[in-house]
2 protein chains.
Amino acid sequence: MDANPKIRMTKQRQVILEELCKVTSHPTADEMYQVIRKRLPKISLGTVYRNLEILSELGMVLKLDVGGTQKRFDGNVVNHYHVRCTDCGCVGDLHMPTDLEIEQKAQPLTDFQIKRHSLEFIGVCPECREAKSRRVS
Amino acid sequence: MDANPKIRMTKQRQVILEELCKVTSHPTADEMYQVIRKRLPKISLGTVYRNLEILSELGMVLKLDVGGTQKRFDGNVVNHYHVRCTDCGCVGDLHMPTDLEIEQKAQPLTDFQIKRHSLEFIGVCPECREAKSRRVS
DNA sequence: ATTATCATTAGTAATTATTATCCATTATCA
DNA sequence: TGATAATGGATAATAATTACTAATGATAAT
Ligand SMILES: [Mn+2]
Ligand SMILES: [Mn+2]
Ligand SMILES: [Zn+2]
Ligand SMILES: [Zn+2]
């Protein structure tokens with residue numbers, strides 16, 4: 001691969017980007033694959049992975065390294081925080097102003113050169129909370 | 001497995017706990033395996049995984065879900081934050097008071113029921129920074 | 001227009017991290 | 001002591017992701 005290959009906006013890449021930007025559910029690569037198959041039945045899972053990777057390197061989508069076993073993707077590239085459900089693993093947005101001050105507070109406490117931070121809230125989503133309360137009643 | 005099995009502090013489990021508490025490097029399961037083999041050459045990787053899991057369920061060690069592909073473990077169970085190096089993946093401690101207030105601030109902004117939060121700083125460790133500066137000079 | 005070059009694809013194989021299974025061994029308890 | 005249960009080591013299986021490959025389609029050069 002060239003150092004600066006010419007990026008082509010193929011049909012596959014375009015549909016992946018479109019579908020990701022449509023949702024706020026922070027889908028996994030596999031969830032993206034299931035959705036995109038409906039529009040492009042011949043697409044392969046590898047293509048979904050490859051393009052999500054490329055789009056994230058281009059800064060057009062975010063690759064979220066939240067807890068759990070799978071990476072998740074976000075069409076909203078504006079800095080924001082997330083909440084993850086301990087029960088079902090779903091991820092929601094949490095739009096509070098990202099606190100850059102905290103990096104300045106942390107910097108004197110480490111010999112690492114801090115570049116950014118990642119804050120994830122962990123809790124229970126409304127659906128799982130509801131499911132729980134039904135179980136006890 | 002019983003709901004409340006009697007936990008035995010076997011030699012293997014004890015050595016795993018000891019070696020983890022010795023270091024502040026937040027080793028992966030495999031890194032633990034390499035260290036422990038020196039004391040228990042017959043131990044298997046599965047045993048290391050199994051016991052790290054059990055010890056973390058008992059609250060005796062922490063299983064860290066930091067970025068990167070592998071889970072990391074921490075013998076220090078007191079709540080604290082971490083810094084991860086983007087270049088080598090190493091993880092350091094960042095002892096600043098954990099901010100419980102931030103959960104209260106976040107709660108009104110989501111319909112998730114927030115239980116806790118995980119804050120990870122991302123940057124470059126001293127070794128990698130040094131390696132970089134050597135490369136340009 | 002024709003050809004050469006290059007990026008991309010679908011399909012598949014390989015890799016990586018982790019978990020599960022199985023049987024032998026060891027500890028605990030009646 | 002003998003039954004029961006926990007555990008270990010070895011190995012197989014799983015899950016997520018990445019790598020490889022040959023074919024295809026777009027772009028650029030002649
Ligand atoms: Mn988001
Ligand atoms: Mn730590
Ligand atoms: Zn949930
Ligand atoms: Zn480093």
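FYI, side chains are in, hydrogens and waters are out, and symmetry mates aren't considered; it's all heavy atoms of this structure. To find a chain, count down the sequence lines: A is the first, B the second, and so on, and within it residues start at 1. Given the structure is predicted, the values throughout are model-derived calculations rather than measurements.
- Atom CD in B:Glu31 sits about 15 Å away from atom C1' in C:dT16, given to the nearest Å.
- The partner of C:dA30 is D:dT1, judged by Watson-Crick or G-U wobble contacts that both fall below 3.5 Å.
- Contact annotation: A:Ser44 does not reach the phosphate of C:dG11 (side-chain N/O to OP1 or OP2, under 4.0 Å).
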For nucleotides 18-28 of chain C, list the nitrogen or oxygen atoms of the protein found under 3.5 Å from its nitrogen or oxygen atoms, one pair per line.
| unit_1 | atom_1 | unit_2 | atom_2 | d |
| --- | --- | --- | --- | --- |
| C:dT18 | OP1 | B:Lys71 | N | 2.8 |
| C:dT18 | OP2 | B:Tyr49 | OH | 2.5 |
| C:dA27 | N3 | B:Arg8 | NH2 | 3.4 |

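- In this structure, the NZ atom of B:Lys11 is 13 Å from the P atom of D:dG9, given to the nearest Å.
- At the heavy-atom level, B:Thr47 lies under 4.0 Å from base atoms of the strands shown.
- Atom CD1 of A:Ile54 is separated from atom C1' of D:dT17 by 15 Å (rounded to the nearest Å).
- The CZ-C1' distance, from B:Phe73 to C:dA17, rounds to 11 Å in whole Å.
- Under the Watson-Crick or G-U wobble criterion, with both distances below 3.5 Å, D:dT30 is paired with C:dA1.
- Between A:Leu58 atom CG and C:dA7 atom P there is a gap of 14 Å when expressed in whole angstrom units.
- Taking the six-membered ring where tryptophan is involved, the planes of A:His117 and B:Phe121 are tilted, since the angle between them lies from 30° to 60°.
- In this structure, the OH atom of B:Tyr33 is 16 Å from the P atom of C:dT16, given to the nearest Å.
- B:Glu18 has no carboxylate O lying under 4.0 Å from a charged side-chain N of B:Lys22, or vice versa, which leaves the two without a salt bridge.
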Got a list of side-chain donor-acceptor pairs under 3.5 Å for residues 58-69 of chain A, not counting sequence neighbours?
| unit_1 | atom_1 | unit_2 | atom_2 | d |
| --- | --- | --- | --- | --- |
| A:Lys63 | NZ | A:Glu53 | OE1 | 2.5 |
| A:Asp65 | OD2 | B:Gly68 | N | 3.1 |

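- For B:Ile43, whose side chain is taken as the heavy atoms from C-beta onward, the closest listed nucleotide among D:dA6, C:dA10, D:dG9 is D:dG9.
- The distance from atom CG of A:Leu52 to atom C1' of C:dT9 is 15 Å, rounded to the nearest whole Å.
- Under 4.0 Å is where a charged nitrogen must lie from a carboxylate oxygen, and between B:Asp87 and B:Lys132 at least one such pair does.
- Looking at heavy atoms from C-beta onward, B:Ile102 lies out of side-chain contact with B:Leu119 at the 4.5 angstrom threshold.
- Of the candidate nucleotides C:dA10, C:dT9, D:dG9, D:dG9 has the atom lying nearest to any side-chain atom of B:Gln12.
- For the pair B:His95 (side chain) and B:Asp93 (backbone), a donor-acceptor distance under 3.5 Å is absent.
- The distance from atom CG of A:Leu40 to atom C1' of D:dT24 is 16 Å, rounded to the nearest whole Å.
- Salt-bridge formation is not detected for the pair B:Lys115/B:Glu103: no Lys NZ or Arg NE/NH1/NH2 atom is positioned less than 4.0 Å from an Asp or Glu carboxylate oxygen.
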